[in-house]
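First the structure, in the form of structure tokens, and then the observations on it.
Both backbone and side-chain heavy atoms feed into the values below; hydrogens, waters and symmetry mates do not. Note that this is a predicted model, so its numbers are computed, not measured. Counting starts at 1 for both ligands and their atoms, in listed order.
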Amino acid sequence: MRQPQVMNLETIDRVGVVGAGTMGSGIAQVAATHGYDVVVRDIEAEFVERGLETIEDSLGRLGEKGALPDDPDSIRDRIEGTTDLETLADCDIVVEAAVENLEIKKDVFADLDEITGDEAVLATNTSTLSITSIAAATDRPEQVVGLHYMNPVPIMEGVEIVVGEKTDAEVVSLAHEFAEDMGKTTWEADDKPGFVTNRILMPWINEGIRAYDEGVASREDIDAGMELGTNVPMGPLTLADHIGLDVCLHASETLFEELGDRYKPAYLLKRKVEADELGKKTGNGFYEYD
Ligand SMILES: NC(=O)c1ccc[n+]([C@@H]2O[C@H](COP(=O)([O-])OP(=O)(O)OC[C@H]3O[C@@H](n4cnc5c(N)ncnc54)[C@H](O)[C@@H]3O)[C@@H](O)[C@H]2O)c1
């Protein structure tokens, strides 16, 4: 195993992005917006082109709203598209956002491990797959970390930093700093299935889908019920559509395989109710209140 090099944000100039789909194009755009030189790679030229068009459209819209620190053309000029993975060889950090398939991600990481410099950080945007498993395809598992951006990347503020079994603490710090440098706010999760977000989100989405299928309410009323009743900005069916149903299915299958039936009331929930810890009204639940 290699020894991790000293890394800090100042050493990161060139950012590689693998995959020019929904997430990869967003990550490339946000990195370029914050001054990084970006190279984004997909397997087919038409996918690269589509990703770049998405970026141009989004930059155009944000530019019109005055929401960019620079003019859209200058930001766009910082992004290079390619089908050749070798173009990522001199990247200081690579964020992988290819399809949610462990074998594909492992192949990508093995290739990145071969071609990038020793000190490069390799990050994955996986929604549910194990960082540790992906890192095992490399000879630098301590430099592999989860950088889980949210969709749509240019709009969503949060990035979940996922710590693999062997991820070095310096790499974790760098991941936080890198995301924050892109104007994001981070939180950290251990490398457990679904991390924080999808572990909780996916059963919620699936329940919304089942409720619709079982005729509990119309699509609109399920979404309205959750939006108006629980103050989320988007109900489960609309959100699933935004995420991509295939992405949701992949994520759900991984969680089901790893965690089984998650729909029983949580053990701790029952215990807290028995202990009369009912939340804000009793002054304590999962938090304490004055
Ligand atoms: N869509 C979301 O809401 C969301 C949110 C957070 C994380 N993610 C995760 O981000 C990743 C990408 O998801 P997406 O929604 O952008 O998917 P997508 O299908 O929109 O894009 C994936 C892209 O990866 C490309 N690709 C496949 N194999 C490749 C390879 N070997 N090298 C380079 N490119 C390759 C595909 O051609 C495609 O363009 C997945 O791991 C997903 O779980 C998705």
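Taking the ring-ring contact (aromatic ring centres under 6.0 Å, His included) definition, one finds that Tyr36 meets it with Phe178, sequence neighbours left out. Partners of Glu103 according to the side chain to side chain contact (heavy atoms under 4.5 Å, CB included) rule, which considers only residues two or more places apart in sequence or in another chain, are Asn101, Lys106.
The residues lining ligand 1, counting any heavy atom closer than 4.0 Å, are Val18, Gly19, Gly21, Thr22, Met23, Arg41, Asp42, Ile43, Phe47, Ala97, Ala98, Val99, Glu100, Ile104, Lys105, Val108, Asn125, Thr126, Ser127, His148, Tyr149, Asn151, Ile243, Val247.
Hydrophobic clustering, with ILVMFWY side chains joined whenever heavy atoms are under 4.5 angstrom apart, keeps Val48 apart from Val94.
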Would you sort out whether Arg210 and Glu207 count as a salt bridge (Lys or Arg N to Asp or Glu O under 4.0 Å), showing the intermediate values?
CA-CA 5 Å; Arg210 267 192 286 274; Glu207 201 50 40; 3.3 Å; yes
Show your working on side chain to side chain donor-acceptor pair (under 3.5 Å) between Asn198 and Thr128 and close with a plain yes or no.
CA-CA 7 Å; Asn198 282 318; Thr128 50; over 6 Å; no
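Applying the salt bridge (Lys or Arg N to Asp or Glu O under 4.0 Å) test to pairs two or more places apart or on separate chains, those with a residue in residues 70-99 are Arg14-Glu80, Arg14-Asp90, Glu56-Arg76, Asp70-Arg78, Glu96-Lys105.
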